[in-house]
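In what follows, every chain begins at residue 1, and chains take the letters A, B, ... in the order their sequences are listed. Atom set for the values below is all heavy atoms of this structure, side chains included, hydrogens, waters and symmetry mates excluded. The model shown is predicted, which means the values in this text are computed figures rather than measured ones.
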Protein chains: 2
Amino acid sequence: MEQTTSEKILDVAQTLVVAGGYNGFSYADISEAIGIRKASIHHHFPTKAQLVSVLLQRYAKQAEDGLNAVSANVSNPVDRLQAYFGHWQSCITQTSEPFCVCAMLASEIELLPEEVAAHVRRHFENLSRWLASTLTQGVKQGQFRLSVAAEEEAQILMASVHGAMLSARAFGRPEIFAAIVGPQLGRLSP
Amino acid sequence: MEQTTSEKILDVAQTLVVAGGYNGFSYADISEAIGIRKASIHHHFPTKAQLVSVLLQRYAKQAEDGLNAVSANVSNPVDRLQAYFGHWQSCITQTSEPFCVCAMLASEIELLPEEVAAHVRRHFENLSRWLASTLTQGVKQGQFRLSVAAEEEAQILMASVHGAMLSARAFGRPEIFAAIVGPQLGRLSP
DNA sequence: AATTGCCTACCTACTAATAGGTAGATTCAA
DNA sequence: TTGAATCTACCTATTAGTAGGTAGGCAATT
């Protein structure tokens with residue numbers, strides 16, 4: 001088998017969450033998309049909260065691997081940030097994944113099951129930590145000059161990326177993402 | 001009567017949308033919050049899409065009035081942006097309205113009823129237009145120096161605000177909003 | 001080799017609760 | 001006494017989740 005049913009379910013669920021958030025999809029939607037019965041989905045993922053939790057665990061692993069790969073393969077901190085931005089830019093322009101699943105869920109975090117909310121918070125922490133450490137390295141190597149602390153600049157960059165995703169979606173114009181995020185890097189050069 | 005039932009319904013609905021988006025609330029929630037039956041809400045707003053549409057019309061009016069008031073009463077473009085940022089900063093720190101209702105809805109725009117989605121798009125256009133014109137005036141008066149076009153810088157600022165809202169919510173730390181948005185103004189001075 | 005038991009995966013058929021929405025009667029104020 | 005506002009009482013569709021069963025694979029026992 002190429003892909004297990006569980007993986008298919010998670011893939012579809014992720015697409016649906018990206019499209020409409022936690023309350024924007026149902027087991028029936030997944031069922032229809034992959035052609036199995038609702039009950040079979042419950043066999044793999046007893047509750048919706050568990051399904052989305054597993055989804056976010058998988059996402060966290062992918063994200064961690066992705067960021068680690070960038071850190072390992074790209075020596076220049078400027079290029080590292082570029083790689084991160086570029087990842088999202090291609091996701092969005094190809095409309096393959098036009099929004100970060102955690103950003104999507106963060107907006108409705110107040111009414112998420114606690115176990116799901118915890119995953120979302122952790123993602124925000126991990127991402128801002130990676131950005132901050134990348135910035136710190138760039139400062140050490142003289143490639144960045146920051147006007148605020150690295151942690152704060154990391155928050156600014158992360159917010160830019162999320163806000164850019166939102167605007168691209170709201171205007172229905174993927175190219176807006178690059179227009180917003182692009183100038184951010186220039187700001188940091190000494 | 002101090003406040004009409006319609007207004008009460010809209011107020012509660014707005015709070016609920018801000019908390020969890022379009023699919024995150026129901027007529028039953030509103031009914032419970034203000035102590036009337038579901039059917040009575042349908043009397044005022046026959047469908048959910050109409051309810052949210054009226055909500056967004058009202059919101060657009062308030063936003064327009066607010067921005068016009070700033071333009072009228074604050075002559076300095078720097079202070080105008082400051083006033084806009086400050087508005088959201090106090091909304092968020094007082095947790096009275098911790099998120100823009102249109103930003104919330106924009107994230108799930110793909111599955112909104114078309115009439116609702118149209119309102120959301122219009123809000124993004126209006127806000128970015130106001131920001132761009134404020135920036136342009138500031139440039140003319142020599143208070144801003146932009147490294148990109150005013151329209152693009154407006155998009156950057158708007159994205160910062162929305163991303164900052166999201167981070168403040170995700171981390172559960174309202175002060176993050178100011179930490180992200182605060183440094184944006186400094187960037188623009190010549 | 002055949003049987004037994006267990007497992008995974010999936011099914012049909014159901015539940016209780018909730019969703020948005022409707023019909024028609026009643027209340028109440030102008 | 002008309003009309004708006006609210007009510008009770010309902011409807012249909014959908015929600016997440018459950019009950020119970022079937023088909024086939026795998027392995028140990030006979």
Side-chain angles (χ1 to χ4, degrees), chain A residues 1-17 19-56 58 101 104-105 108-117 119, chain B residues 1-56 58 101 104-105 108 110-117 119:
Chain A
M1 198 186 292
E2 290 244 320
Q3 196 187 21
T4 68
T5 302
S6 292
E7 283 166 347
K8 278 192 223 167
I9 292 170
L10 291 173
D11 284 350
V12 169
Q14 183 160 333
T15 302
L16 292 170
V17 171
Y22 189 86
N23 293 304
F25 79 102
S26 73
Y27 272 44
D29 295 327
I30 302 174
S31 158
E32 203 177 325
I34 66 178
I36 67 172
R37 301 286 137 176
K38 274 196 320 163
S40 309
I41 304 172
H42 280 287
H43 167 73
H44 293 280
F45 305 100
T47 69
K48 196 180 185 184
Q50 277 176 60
L51 165 56
V52 175
S53 287
V54 173
L55 171 60
L56 292 181
R58 192 184 68 153
V101 66
M104 197 68 203
L105 292 170
E108 48 184 346
I109 202 161
E110 288 173 30
L111 22 87
L112 292 180
E114 179 48 36
E115 54 174 322
V116 175
H119 282 291
Chain B
M1 199 186 289
E2 290 243 321
Q3 196 186 21
T4 68
T5 301
S6 293
E7 282 167 346
K8 277 192 223 166
I9 292 170
L10 291 173
D11 283 351
V12 169
Q14 182 159 333
T15 302
L16 292 170
V17 171
V18 165
Y22 190 86
N23 292 304
F25 80 101
S26 72
Y27 273 44
D29 295 328
I30 301 174
S31 157
E32 202 177 327
I34 65 179
I36 67 172
R37 302 285 140 175
K38 273 198 316 167
S40 309
I41 304 173
H42 281 286
H43 167 74
H44 294 279
F45 305 100
T47 69
K48 197 181 185 185
Q50 278 176 60
L51 165 57
V52 176
S53 287
V54 173
L55 173 59
L56 292 181
R58 191 184 68 153
V101 66
M104 197 67 202
L105 291 171
E108 48 182 348
E110 289 174 29
L111 25 86
L112 292 180
E114 178 47 36
E115 53 174 320
V116 175
H119 282 291

Protein N or O to nucleotides 1-5 of chain D N or O, pairs below 3.5 Å:
{"unit_1": "D:dA5", "atom_1": "OP2", "unit_2": "B:His43", "atom_2": "NE2", "d": "3.3"}

Would you kindly give the [atom1]-to-[atom2] distance between [X] and [N], to the nearest whole Å?
X: B:Ile30; N: D:dT6; atom1: CD1; atom2: C1'; answer: 16 Å
X: A:Glu32; N: D:dT14; atom1: CD; atom2: C1'; answer: 13 Å
X: A:Arg37; N: C:dT8; atom1: CZ; atom2: C1'; answer: 19 Å
X: A:Ile34; N: C:dA9; atom1: CD1; atom2: C1'; answer: 12 Å
X: A:Glu7; N: C:dA9; atom1: CD; atom2: P; answer: 12 Å
X: B:Leu51; N: C:dA19; atom1: CG; atom2: P; answer: 14 Å

Counterpart residues, salt bridge (charged side-chain N to carboxylate O under 4.0 Å, His left out), relative to B:Glu110 (two or more places apart): A:Arg169
List in chain and number order the residues that pass salt bridge (charged side-chain N to carboxylate O under 4.0 Å, His left out) with A:Arg58, two or more places apart in sequence or in another chain; answer none if no residue qualifies. A:Asp11
Could you tell me which non-hydrogen atom of A:Glu115 sits nearest to which non-hydrogen atom of A:Ala49, and how far apart they are? OE2-CB, 3.5 Å
Do you know the tightest heavy-atom contact between B:Leu55 and B:Leu10?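 Here B:Leu55 and B:Leu10 meet closest at CD1-O, 3.6 Å.
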Do you know which of B:Leu51, B:Leu56, B:Leu105 makes side-chain contact (heavy atoms from CB on, under 4.5 Å) with B:Val17? B:Leu105
Under 3.5 Å donor-acceptor pairs involving side-chain atoms of residues 23-34 of chain A, not counting sequence neighbours:
{"unit_1": "A:Ser26", "atom_1": "OG", "unit_2": "A:Ala28", "atom_2": "N", "d": "3.2"}
{"unit_1": "A:Ser26", "atom_1": "OG", "unit_2": "A:Asp29", "atom_2": "N", "d": "3.3"}
{"unit_1": "A:Ser26", "atom_1": "OG", "unit_2": "A:Asp29", "atom_2": "OD2", "d": "3.4"}
{"unit_1": "A:Tyr27", "atom_1": "OH", "unit_2": "A:Phe45", "atom_2": "O", "d": "2.8"}
{"unit_1": "A:Tyr27", "atom_1": "OH", "unit_2": "A:Thr47", "atom_2": "O", "d": "3.1"}
{"unit_1": "A:Tyr27", "atom_1": "OH", "unit_2": "A:Lys48", "atom_2": "N", "d": "3.3"}
{"unit_1": "A:Asp29", "atom_1": "OD2", "unit_2": "A:Ser26", "atom_2": "N", "d": "2.9"}
{"unit_1": "A:Ser31", "atom_1": "OG", "unit_2": "A:Ile36", "atom_2": "O", "d": "2.6"}

Pairs under 3.5 angstrom, nitrogen or oxygen only, protein versus nucleotides 15-21 of chain D, please.
{"unit_1": "D:dT15", "atom_1": "OP1", "unit_2": "A:Ser26", "atom_2": "OG", "d": "3.2"}
{"unit_1": "D:dA16", "atom_1": "OP1", "unit_2": "A:Phe25", "atom_2": "O", "d": "3.3"}
{"unit_1": "D:dA16", "atom_1": "OP1", "unit_2": "A:Lys48", "atom_2": "NZ", "d": "3.1"}
{"unit_1": "D:dA16", "atom_1": "OP2", "unit_2": "A:Tyr27", "atom_2": "N", "d": "3.1"}
{"unit_1": "D:dA16", "atom_1": "N7", "unit_2": "A:Lys38", "atom_2": "NZ", "d": "3.2"}
{"unit_1": "D:dA16", "atom_1": "N6", "unit_2": "A:Lys38", "atom_2": "NZ", "d": "3.3"}
{"unit_1": "D:dG17", "atom_1": "OP2", "unit_2": "A:Lys48", "atom_2": "N", "d": "2.8"}
{"unit_1": "D:dG17", "atom_1": "N7", "unit_2": "A:His42", "atom_2": "NE2", "d": "3.2"}
{"unit_1": "D:dG17", "atom_1": "O6", "unit_2": "A:Lys38", "atom_2": "NZ", "d": "3.1"}

Residue pairs passing the side-chain hydrogen bond (donor to acceptor under 3.5 Å, both in side chains) test where at least one lies in residues 33-46 of chain B, sequence neighbours excluded: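 Only B:Ser6-B:His44 qualify under side-chain hydrogen bond (donor to acceptor under 3.5 Å, both in side chains).
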B:Ser40 side chain near D:dC7 phosphate (N/O to OP1/OP2, under 4.0 Å): yes
Are any side-chain N or O atoms of B:Glu108 and backbone N or O atoms of B:Tyr22, one a donor and one an acceptor, separated by less than 3.5 Å? yes
